[in-house]
Amino acid sequence: LCLGQVSLVENAAEEPRVLCIVQDTTNAKTVNERLTLNLPASTTLSKLFEDVAHKAGYVNGTFDLAWRKTGDMGPLDPSSEMSLTESGFEPGKRNFLQLSDKDGEQPQIASDESGTAGSSGLDDRQERFIGPLPRDCTVGCSSDYSSPSYSYSSILNKSDTGYVGLVNQAMTCYLNSLLQTLFMTPEFRNALYNWEFEESEEDPVTSIPYQLQRLFLLLQTSKKRAIETTDVTRSFGWDSSEAWQQHDVQELCRVMFDALEQKWKQTEQADLINQLYQGKLKDYVRCLECGYESWRIDTYLDIPLVIRPFGASQAYGSVEEALQAFVQPETLDGANQYFCERCKKKCDARKGLRFLHFPYLLTLQLKRFDFDYTTMHRIKLNDRMSFPEELDMGPFIDVEDEKSPQTESCTDSGAENEGSCHSDQMSNDFSADDGVDEGICLDSASSTERVLKPKSSLTFELFSVMVHSGSAAGGHYYACIKSFSDGQWYSFNDQHVSKVISLTITYVYYMFFCFNSSTNAYMLIYRLKDPSRNAKYLDCDDFPEHIKHLVQREKESEEQEKRQREIERNTCKIKLFCMHPVKMMAMMENKLEVHKDKTLREATEMAYKLMELDGVVPLDCCRLVKYDEFHEYLERSYEGEDDTPMGLLLGGVKSSYMFDLLLETRRPEQVFQPYKPGEVMVKVHVVDLKTDTVAPPVSIRAYLNQSITEFKQLIAQVKLSAETMRVVLERCYNDLRLLYVPNKTLKAEGFFRSNKVFVESSESPDHQVTFTDSLLWKLLDRHGNTIRLFVSLPVQSPGTNRTICQKVGGDPEECSEGSKGNRNSVETILEESTEKLKNLSLQQGSSTSDSQKSSDTSDFEHIESPSPSQEPDSSSVSAVVAVDNRELENRIRVASGGSGGGTYSDPETQFPGEERSDSEVNNDRSTSSVDSDILSSSHSSDTLCNADSGPIQLANGLDSHSITSSRRSKANEGKKETWDTAEEDSGTDSEYDENGKSKAESYYLYFRAEPYAQEDGSGEGGQKCVLVHVDKRITLSAFKQNLEPFVGVTSTQFKVFRVYANNQEFESVRLNETLSSFSDDNKITIRLGRALKKGEYRVKVYQLLVNDAEPCKFLVDTVFAKGMTVKQSKEELMPQLKDQCKLDLNIDKFRLRKKTWKNPGTVFLDYHVYEEDINISSNWEVFLEVLDGPEKMKSMSQLAVLTRRWTPAQMKLEPFQEVVLESSSVEELKEKVCVEISGVPLENLEFAKGRGTFPCDISVLEIHQDLDWNPKVSTLNVWPLYICDDGAVVFYRYILQKISQLVLWDERNELMKRESSRLLKTGHRVSYSPRKEKALKIYLDGGPVKDPGQD
């Protein structure tokens, strides 16, 4: 036995050790300290938790341990018996861990903290163990704080402060500050606890008092650091958007008190708000001649104190000074005299306010938010204002207000005149109650004397300061509140609660916040010092019975949440895919959530139900495999691991995984193929050179260390000859590589997780040809460069009723029969070679993005697929249309197969017209004029096959469904890829070379077209559609010529428009450019009309209306030619303007000028020549401006400036007027404005350049300060003017005219609204308008009624 013990010790000495460094984040004092443990590698996780608990002084099981730098790892399992090395710890390296709260609760401190004995395997002599600081230190000692007088302590934990924070939902700090203040008010909290909720009368979710009651209980009893307020805001009727709206805390207080009063009607708490917060004051007017006084009594819930008097630059220095100003009467004299009822005339009078009664809880609002009438902006006043901790309100009580026969007696009108005590100083009031009296006694009988309570009863103590940090546009609220239990001040800043250590709270705000420009006290809450009324907080033992029951329910709910969180932390969430055998035969995606302890068998059953395979596939025909969605790669299968926990298979619980799971299915007679790590997936396409077809892919698995010979033998199992087999690997987009080195491995050839290969095993002489010159390469190259386009044809398209067949002079029936004759041979080759490959894999029905078009079913729902027994072969008769067909006749004599889309009998029903969008209608307006010499058709009917005779066929037998997705062409011949947009700056190219021969004849590129019925069924306009498969290396010129039979006119008589995602159309005019910028499923619209010749440019003409709300109006689409003069273009325009726009203009009464977006520019003179004097580009835009008189612009040296007068007295802008200058002199501009336009004296004229785009709109409320008036320059072409071209906007004014002083707010408000409406219509920013705030509302019925028609 002794020898065995010695042996164990020796083994332990030789065993590697694991160094664990633990950071304790549960306490601010220990966050910078570290616990170090050096443990044997065989130590279990449960033992690790015991050692950490012992060293940290915590109770085991009350904290979590997790990896510190790996954010996607969950907490370690404290009950696991796995060793440290099995759990991911690395011996010989530092392993960093993080100790954190468990379920949001602080770790429990162990009762015995004196011992620090090492745990198993710990070497205390060699290792230095650092633990947390002692936990019995006194809070508030000078060593904890940077200043002996004041400092904020670090964020303390709940065990130190004893209080719980509130989570900020987004911008609900104002709500949190008010809720914490109410919670720390004993009288309010106790009264709320005494209210009992009747569940039978109201829904608890919408009951505001009940949710407040629950929240206060959680704040008092919860062990969490912070709790959510979502239940409270939900009872307000708020949705999640309200969390992003910040409101004023004083406004929230008033609205919430109003809601509570409504909810508490006919209960004991019905008058609670008034008893605690309501005061009374008298609003009076006294005649100074006869002493007659008119007065009324109003109630208030808070006293708004002005920080800075209106028009003054000096603020009040203290709360007492502001209170004195609040009750200071003002004299009504002069124009403001008061009409005395006794004197029957206007007399001087004194108007003011007198406090009659102060509430038990006195609320003072410091009015820091104001409005600056100079800048018309909201501002925040950050002036310093001191406030005492004890406030004596005795001096502010009215003690001489005795009723006399000369005094008019007024009833209490608080209920009828809410907020009428003072228009600028008082907030909205609640209903009054004369019978309530705390601060001062009012005799409600006929006695005219008032008996004051002792002055000591009017001393108030400060207990809450709500602080605002920020500006008038937004900021942050938090509260500093004094606890009535221990007299300690705490800072409640959302979820953080900390102690405020200071000599006095007012010292804090005098010395700290008053020097912080944006952080100031905003609301002060005082409580009357009255021992007979001052309450204490209810302890848990003193709770009413209904509250005790509620506490128990909350504890049970919290325990349930803990259990649920524990389950969530141990739940693996991973993407799940499945190729559903019934639903659309497509890959379905879902998320599998499985507990880490569930076995693979149980997880498979869960996935089986999740994918709704019950009744479709037996459960035993399903299994889960590791899957890579990005590469479509099956990484491995889990044979023999049905009872293994999912946590081990997936590598633990993580927030995200680098792989996915696939629920694989099989038929009952099949057997699952094992997928081993290290295998790669290969998608094999069988190529048939005889029929020019590429078969759909079939997946097989191979090893990277396999040689090319072994790989060929693997594929040869499907009756393909390995000796004659050619294997082509497509490594990336159309990068084809022939695998010809027999002993080279797949890894060396560039195979990766998922690969695509093409195999061909015929005995044709094509094997002896160089690969890049072989038919195989050409077929694969065409396969990779063919794209699919949707072409909308115009109504007048006779060619759309016919289909091109590549058998010239033959009988249409023979075409159909020829295709049927080759159908069996094609099917035999494909079925024999692909059926064997399918047996190598159980990926039934899987398809990839680049092979969707090679499936047996069309990608479009409107194409009906025939049944398998009736389905023709996928290859089709060629529909190649080129100018020279003789070469193609020799290449393709027999057409094979039929269209996969089926046959059709009625040509008209196959081409439903497309209902055009608004943008297309507008475009038609500019392109609807079709030249009179348009040809109906230029093609002989003997080259056309009747549509009833057979389906449309494909060139060289290529199946229309074997065309892959758009890829970059390897053989692009260096051609430049361009996008045909309005920004193109080059002209068009001719479709013919210098000899007149078509450029499309130079080489043949694949083109195939077939009818296409639109999915939306629109076709009322008779518009036809064609589905085109075309090699994207074809030029636009050749593409147009191939479309001629379908459009019915020559390529020079129609235009091609590319349709973008937003249905915006741009004409494609670069005839020599290829379609390489197009991709699959792009849309093209064909419009009749003369196509541009070389040197011609498409031009859009807009009318310039400088004084209209919409200064830019589209007129016509026309064509300008190189070498044409401006006068000639105007002559060409005049008939179009008359016919299409009803504008009958004289050639001398309008001008053309440059258009740069919305800005008018250079004026074009009649003798200017396009391309010589004026740069012009495709899709050019130009302004047409109608003149009031003869043209003043005669020379390019002149300058046309648009001027606009601002009249400050009327606060308005006059219409634009043009001034033509002979030079760039400022003096000339001012003289022209004075003499020709305004008549203002030259010395009293000021001007400024407009900003932004035309018409440079600006608010009349800002123009005097936002523009740079009267710049000190002598010429216009220097800074800050930079007026170098026509069309600049200049504002001017008469400096002796003063700005209108809008005294009345209604006038300013009306002007602001008018300016806002005007500027918004022109699309300009209204900078003076503040951010629109959403009104704060609390809904008593559970929420606002939403308009069902509103989004």
Side-chain angles (χ1 to χ4, degrees), residues 72-73 82 86 88 572-580 587-608 610-611 613 617 619-654 656-667 670-684 697-706 710-711 714-715 745-747 750-757 837-848:
D72 60 350
M73 294 291 289
M82 296 173 59
E86 293 174 342
C572 304
K573 299 178 182 179
I574 188 170
K575 280 186 179 180
L576 175 67
F577 294 89
C578 177
M579 181 63 69
H580 201 284
M587 187 70 76
M588 297 178 60
E589 179 182 347
N590 215 318
K591 176 170 281 189
L592 178 64
E593 299 183 3
V594 56
H595 195 275
K596 66 177 184 178
D597 295 333
K598 293 283 187 180
T599 63
L600 177 61
R601 180 181 289 105
E602 294 172 318
T604 303
E605 186 175 354
M606 294 174 62
Y608 177 79
L610 190 63
M611 288 300 181
L613 294 177
V617 178
L619 178 60
D620 57 359
C621 291
C622 302
R623 69 170 179 175
L624 287 175
V625 296
K626 194 175 181 180
Y627 178 61
D628 183 355
E629 179 204 8
F630 182 78
H631 296 98
E632 297 184 356
Y633 169 61
L634 296 171
E635 295 191 18
R636 60 158 298 186
S637 54
Y638 301 102
E639 281 79 15
E641 299 186 76
D642 289 343
D643 297 325
T644 305
M646 291 298 294
L648 291 179
L649 290 179
L650 300 179
V653 180
K654 302 179 182 181
S656 62
Y657 293 88
M658 300 299 294
F659 56 90
D660 313 301
L661 291 179
L662 174 72
L663 183 62
E664 193 176 18
T665 61
R666 63 175 174 85
R667 291 194 293 270
Q670 290 179 317
V671 178
F672 278 124
Q673 175 186 356
Y675 304 142
K676 299 178 182 179
E679 291 180 334
V680 294
M681 180 173 288
V682 184
K683 294 177 181 177
V684 180
V698 177
S699 299
I700 66 171
R701 296 179 70 83
Y703 288 97
L704 289 175
N705 57 1
Q706 278 182 329
E710 293 172 337
F711 182 63
L714 178 64
I715 304 177
T745 63
L746 300 185
K747 183 176 182 181
F751 277 68
F752 192 55
R753 289 186 171 185
S754 183
N755 311 272
K756 181 199 290 187
V757 298
L837 282 174
K838 292 181 181 180
N839 294 331
L840 296 177
S841 173
L842 294 177
Q843 292 300 105
Q844 301 300 325
S846 62
S847 62
T848 59

Whether Tyr608 side chain and Leu663 backbone form a donor-acceptor pair below 3.5 Å: no
For Leu746 against Ala702, the heavy-atom pair lying closest together: CD1-CB, 3.9 Å
Heavy-atom closest contact (Cys622 atom, Thr604 atom, distance): O-CG2, 4.0 Å
Smallest separation among heavy atoms of Cys572 and Gly647, with atom names: SG-CA, 4.5 Å
Lys596, NZ atom: more than 12 neighbouring heavy atoms under 6.0 Å: yes
Note, Cys578 side chain near Leu613 side chain (heavy atom, < 4.5 Å): yes
Cationic tip of Arg623 above Tyr675 ring, under 6.0 Å, 45° of axis: yes
Distance, nearest 0.5 Å, that separates CZ of Arg701 from OH of Tyr633: 5.5 Å
Asn705 to Thr745 - nearest heavy-atom pair and separation: O-CG2, 3.8 Å
Non-hydrogen side-chain atoms of Phe659 and Leu650 separated by less than 4.5 Å: yes
Interatomic distance, Ile574 atom CD1 to Tyr627 atom OH [nearest 0.5 angstrom]: 12.5 Å
For the student: nearest non-hydrogen atoms of Arg666 and Val617, plus distance: O-CG1, 4.1 Å
Check: Asn590 side chain, Phe577 main-chain N or O, donor-acceptor pair, under 3.5 Å: no
CD on Glu602 to CE on Met646, rounded to 0.5 Å: 10.5 Å
Where Ser637 and Val625 come nearest, the two heavy atoms and their spacing: CB-CG1, 3.8 Å
Side chains of Phe711 and Val682 in contact at under 4.5 Å (non-hydrogen atoms): yes
Met587 side, atom CE; His580 side, atom NE2 - distance, nearest 0.5 Å: 12.5 Å
Tyr638 and Thr644, any side-chain heavy atoms less than 4.5 Å apart: no
